[in-house]
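These notes are about the structure you will find just below.
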Amino acid sequence: MKKVLVLGGTGFLGRHLCEKLVRNGMTLTVPTRRLRNAADVMMLPMLYVAEADVHDPAALAELVRGHDAVINLVAILQGNEKSFHRAHVELAEKVARACDSTGVRRLIHVSALGADARNPGALPSLYLRSKSEAEKLLKAAPLSLTILRPSVMFGAGDRFLNVFADLQGMLPVVPLAGANARFQPVWVEDVASAIAHCVDERQTHSTEGITFEACGPDIHTLRELVRMAGQYSGANQGKGRPVLALPDGLARLQARFMELLPGEPLLSRDNLDSMKVDNIATGNLPGLAELGITPASLAAIAPSYLGAQGPRSGLMAKRRTAGRF
């Protein structure tokens, strides 16, 4: 029975992954700073939640010790240069050192589509540069390494299509920055399946690192994705709201305004910079097919959680309130 440490196991991808690994008979450790953040996974069998700070090198080494593999899912989408470097680069370096000091060699690291470990400085955003620097660092470490680069992930509870659907429930028109940016969205369950496969299969890792691109079957512009979210959620009687593409100057002004609002912004200027790189597979690296996975399309999955019969529907909400689910 394999023992696996899952860093970032309480997040969107982490919750789906933990369920799969437990079903595969693995014993998991999921660290979190606050136990309440692990409410969605802590009841899973053979899963231990550890209250710890993974940025503390000593605490991280103790977490890593005794495990057969480490999976690093930790990522942020918003922040400044210091916070991106801490979350992506510094943590990757600490994980590599913890693995080295405890004799754990197997690491699966989730990066991002568009990352380039060969030339991080050439990329346009802090997010992509820090993701690339982390890859470069890990490839130089004495690890048996697998890197996955997923496109933007969708699925029930996502902060992607659900956000666009919610906006269309409130606004008559959606002013959209980066409307022509291209994405190849991938179902979160397919990414989780890919990681679970990599834990078991020796062919998916090497001392030089093997990198997989995790993408869905279809390419869409951001404008198309917003329209689909509106249609699937039933906004404007199933037609979705009109989308108003913003020119670059207005787009950056909108992003700057959102950065000033309290809480995590829906859009930042760094997000806009990331969208300068198409979020689609290069075709130069193995993908989900090489892991035995046929990726599901957005059109096949999204209506089930955005539509009138999905978890967003008023009927479902009323039933939950009444305690029937």
Side-chain angles (χ1 to χ4, degrees), residues 1-32 35-52 54 59-75 95-96 98-111 138 143-150 153-158 186-207 209-214 286-296 301 304:
M1 181 182 295
K2 288 187 177 179
K3 296 180 64 178
V4 181
L5 175 68
V6 185
L7 306 178
T10 62
F12 176 53
L13 172 59
R15 297 192 298 270
H16 291 265
L17 174 61
C18 287
E19 290 179 8
K20 287 189 182 294
L21 295 178
V22 165
R23 285 201 300 268
N24 289 352
M26 298 183 189
T27 299
L28 308 184
T29 302
V30 176
T32 180
L35 289 177
R36 65 175 179 269
N37 294 339
D40 289 333
V41 298
M42 65 192 314
M43 300 307 294
L44 290 172
M46 300 187 297
L47 186 149
Y48 169 67
V49 176
E51 198 167 25
V54 299
L60 182 59
E62 282 304 307
L63 287 167
V64 169
R65 193 182 311 278
H67 287 86
D68 300 301
V70 177
I71 301 173
N72 182 24
L73 310 176
V74 176
V95 169
C99 287
D100 188 46
S101 67
T102 58
V104 177
R105 291 287 175 261
R106 184 74 181 100
L107 174 65
I108 299 170
H109 177 76
V110 175
S111 183
L138 291 174
L143 295 165
S144 186
L145 177 66
T146 304
I147 295 173
L148 284 96
R149 295 177 178 171
M153 287 178 279
F154 65 89
D158 67 40
V186 61
W187 189 26
V188 64
E189 285 282 342
D190 287 334
V191 179
S193 294
I195 298 170
H197 181 88
C198 290
V199 174
D200 277 329
E201 294 297 326
R202 292 189 176 183
Q203 300 93 323
T204 62
H205 55 96
S206 74
T207 53
I210 298 178
T211 302
F212 294 88
E213 293 179 323
L288 293 179
E290 282 75 14
L291 297 173
I293 298 167
T294 301
I301 302 298
S304 68

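Nearest heavy-atom pair across Leu288 and Ala194 is CD2-CB, 3.7 Å. The minimum heavy-atom distance between Val70 and Cys99, with the atom names listed, is CG2-SG, 4.1 Å. Heavy-atom minimum distance, Val104 versus Leu143: O-CD2, 4.2 Å. Of all the heavy atoms in Ala214 and Val186, the pair that sits closest is O-CG1, 3.6 Å. Smallest separation of non-hydrogen atoms from Met26 and Asp200: CE-OD1, 3.3 Å. Of all heavy-atom pairs spanning Leu73 and Gly8, the tightest one is CD1-O, 3.8 Å.
Residues Ile195 and Ile71 are in side-chain contact: their nearest non-hydrogen atoms beyond the backbone lie under 4.5 Å apart. In this structure, the side chains of His197 and Thr146 stay at 4.5 Å or more apart for every pair of heavy atoms. Counting heavy atoms from C-beta outward, Cys18 and Thr10 have side chains that stay 4.5 Å or more apart. Residues Asn72 and Leu138 have side chains not in contact (no heavy-atom distance under 4.5 Å, counting atoms from C-beta outward). Counting heavy atoms from C-beta outward, Arg106 and Asp68 have side chains that stay 4.5 Å or more apart.
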Step-by-step side chain to side chain donor-acceptor pair (under 3.5 Å) determination, Lys3 to Thr29:
CA-CA 8 Å; Lys3 296 180 64 178; Thr29 302; over 6 Å; no
Should Ile108 and Val4 be marked as a side chain to side chain contact (heavy atoms under 4.5 Å, CB included) after you check the CA-CA gap, both sets of side-chain angles, and the distance that decides it?
CA-CA 10 Å; Ile108 299 170; Val4 181; over 6 Å; no
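Taking the salt bridge (Lys or Arg N to Asp or Glu O under 4.0 Å) definition, one finds that Arg65 meets it with Glu62, sequence neighbours left out. With sequence neighbours left out, the side chain to side chain contact (heavy atoms under 4.5 Å, CB included) criterion links Ser101 to Ala61.
A distance of 9.5 Å separates CD in Glu51 from CZ in Arg36, rounded to the nearest 0.5 Å. Here the CG atom belonging to Leu17 is positioned 10.0 Å from the CD atom belonging to Glu189, to the nearest 0.5 angstrom. Distance check, rounded to the nearest 0.5 Å: CZ of Phe212 to CG of Leu291 gives 4.5 Å. Within the model, atoms CG of Leu47 and CG of Leu21 stand 9.5 Å from one another, a figure rounded to the nearest 0.5 Å. To the nearest 0.5 Å, atom OG of residue Ser193 and atom CG of residue Asn24 are 9.0 Å apart. Remark: Thr27 OG1 to Lys2 NZ distance equals 12.5 Å, nearest 0.5 Å.
Between the Arg149 side chain and the Glu213 main chain, no donor and acceptor come within less than 3.5 Å of each other. Checked by atom type and distance alone, the side chain of His16 never pairs as donor or acceptor with a backbone atom of Leu13 at under 3.5 Å. Side-chain atoms of Asp190 come within 3.5 Å of backbone N or O of Ala296 as a donor-acceptor pair.
Counting only residues at least two apart or on different chains, the salt bridge (Lys or Arg N to Asp or Glu O under 4.0 Å) pairs with a member in residues 39-50 are Arg15-Asp40.
Remark: of the listed residues Val64, Leu60, Leu63, Val64 is the sole one forming a side-chain contact (heavy atoms from CB on, under 4.5 Å) with Thr102.
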